Asker: 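First, the structure itself, so that you have it in front of you.
These numbers come from a predicted model, not from an experiment.
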Amino acid sequence: MIGVRGLSVRLGEREVLTGVDVRVRRGEWTAVIGPNGAGKSTLLKAVMGLVAHRGEVVLDSRPAATLKPRERARLVAYAPQTPALPPDLTVYDYALLGRTPYIPYLGRESGHDRAVTESVLDRLDLTALAMRRVGELSGGERQRVVLARALAQEAPVLLLDEPTTALDLGHQQQVLELVDRLRRADGLTVVTTLHDLTVAGLYADSLLLLAGGRAAASGEPAQVLTEDLVGRHFEAHVKIEPGPDGRPVVHLVRGGP
């Protein structure tokens, strides 16, 4: 569903990404991990066409460079790490913005657009909050509203940049479980950036480890979350062991580097 070959991005004088390759199969959840400054968010922005890049991005077998913005928005929905949330906008109106790729220029939303938005709010348990202003919501509620706008696009690919940032443990789990349920129900292809390595290994089908703007490792969680790779690229002393479901659990070890 997503093919990236030789992707490089320069921002100012800095080469943020260099020669990154990644393939994400339809219906798969890929988590992009790596230390701060590794280029994780930039990779998602490049796939979305928000930053200039060299190399090739293919979406659903179509070269992304040939897609018009509205065509790309119908294929890929993107939720940034720190989205602009107008505090006076209602939850319903903010989620309705996800229908923008389908609304004619100078036109208004259709009955179908409103029906899709209402259905998404219902699936995310946000119907009761539909007329609430976004500025009145809790952190967990805001994250669900951001997700609602992305899902209202009805795009087969979902890019989420740190969807659990600033959430407590319970709200983190709620958001991740919700994404996983929707992915399985709708066959979505999901790419997220995640700081928590154990969480990334728990939910994602595959991991891409970025370090210094390059792909340091990729594959199933157990192949990427090794003590050698994590210790070397995160400069951390860790112990990694299988959890109850066999997926790797990353423990910090005191007295490390």
Side-chain angles (χ1 to χ4, degrees), residues 1-4 9 24 26-27 41-53 56-137 141-161 163 175 178-179 181-192:
M1 192 65 187
I2 302 175
V4 174
V9 176
V24 185
R26 189 181 306 274
S41 296
T42 302
L43 175 61
L44 265 59
K45 290 177 182 177
V47 172
M48 194 61 200
L50 298 177
V51 295
H53 61 271
E56 185 180 32
V57 176
V58 176
L59 300 171
D60 196 19
S61 302
R62 301 170 66 185
T66 67
L67 298 173
K68 296 179 180 178
R70 289 167 72 88
E71 291 176 319
R72 190 190 297 245
R74 293 181 183 187
L75 276 176
V76 184
Y78 169 64
Q81 186 175 156
T82 53
L85 293 172
D88 291 331
L89 208 62
T90 66
V91 168
Y92 177 86
D93 286 337
Y94 183 79
L96 185 61
L97 292 174
R99 300 301 301 166
T100 301
Y102 304 93
I103 299 174
Y105 293 114
L106 303 179
R108 292 183 57 84
E109 71 275 5
S110 66
H112 178 68
D113 295 320
R114 292 191 293 271
V116 168
T117 302
E118 290 165 7
S119 174
V120 166
L121 293 178
D122 182 60
R123 295 180 72 184
L124 300 186
D125 198 24
L126 288 169
T127 301
L129 303 178
M131 294 299 108
R132 287 267 300 275
R133 297 185 186 279
V134 172
E136 301 171 358
L137 303 178
E141 290 167 343
R142 284 196 297 270
Q143 291 294 87
R144 279 189 288 150
V145 170
V146 171
L147 185 58
R149 174 177 172 169
L151 291 174
Q153 283 182 229
E154 293 189 308
V157 176
L158 192 58
L159 305 181
L160 305 177
D161 193 2
V175 169
L178 180 59
V179 171
R181 286 200 303 273
L182 294 170
R183 174 180 73 99
R184 295 176 186 276
D186 297 350
L188 297 177
T189 302
V190 178
V191 180
T192 56

Asker: Look up atom CG in L96 and atom CD in E109, then write down how far apart they are to the nearest 0.5 Å.
Answerer: 5.0 Å
Asker: Considering only residues two or more places apart or on different chains, which pairs with a residue in residues 95-108 satisfy salt bridge (charged side-chain N to carboxylate O under 4.0 Å, His left out)?
Answerer: R99-D113, R99-E154
Asker: Side-chain atoms of residues 79-95: list all donor-acceptor pairs with protein atoms under 3.5 Å, sequence neighbours left out, distances to 0.1 Å.
Answerer:
unit_1 : atom_1 : unit_2 : atom_2 : d
T90    : OG1    : D93    : N      : 3.1
T90    : OG1    : D93    : OD2    : 3.2

Asker: Do L151 and L188 come close enough that some side-chain heavy atom pair is under 4.5 Å?
Answerer: yes
Asker: Which atom pair, heavy atoms only, marks the closest approach of L158 to A150?
Answerer: CD1-CB, 3.7 Å
Asker: Taking the side chain as C-beta and beyond, is there a heavy-atom pair between L147 and L178 under 4.5 Å?
Answerer: yes
Asker: Please report the closest heavy-atom contact between A152 and V116, naming both atoms and the distance.
Answerer: O-CG1, 3.8 Å
Asker: Any heavy-atom pair between the side chains of L182 and L124 that's under 4.5 Å?
Answerer: yes
Asker: Please list all pairs passing the salt bridge (charged side-chain N to carboxylate O under 4.0 Å, His left out) test where one or both residues lie in residues 123-132, with sequence neighbours left out.
Answerer: R123-D186, R132-E136
Asker: Shortest non-hydrogen contact from V76 to Q153?
Answerer: O-NE2, 3.3 Å
Asker: If I compare all heavy atoms of V157 with all of L159, which pair ends up nearest, and what's the gap?
Answerer: CG1-CD2, 4.0 Å
Asker: Locate the shortest heavy-atom distance separating L137 from R133; write the atom from each residue and the value.
Answerer: CG-O, 3.8 Å
Asker: Looking at side-chain heavy atoms only, is the closest gap between Y78 and L50 below 4.5 Å?
Answerer: yes
Asker: Please enumerate all residues that pass salt bridge (charged side-chain N to carboxylate O under 4.0 Å, His left out) together with R74, with sequence neighbours excluded.
Answerer: none
Asker: Distance from T117 atom OG1 to R149 atom CZ, nearest 0.5 Å?
Answerer: 11.0 Å
Asker: Which atoms form the tightest heavy-atom contact between R70 and T100, and what is the distance?
Answerer: NH1-O, 3.5 Å
Asker: Do any side-chain atoms of residues 59-67 form donor-acceptor pairs under 3.5 angstrom with protein atoms, and if so which ones, sequence neighbours left out?
Answerer:
unit_1 : atom_1 : unit_2 : atom_2 : d
D60    : OD1    : R26    : NH2    : 2.8
T66    : OG1    : P63    : O      : 2.7

Asker: In chain order, what residues pass the side chain to side chain donor-acceptor pair (under 3.5 Å) check against D122, with sequence neighbours excluded?
Answerer: none
Asker: Is there a side-chain contact between H53 and V9, using heavy atoms and a 4.5 Å cut-off?
Answerer: yes
Asker: Are R72 and L75 side-chain neighbours, meaning at least one heavy-atom pair lies under 4.5 Å?
Answerer: no
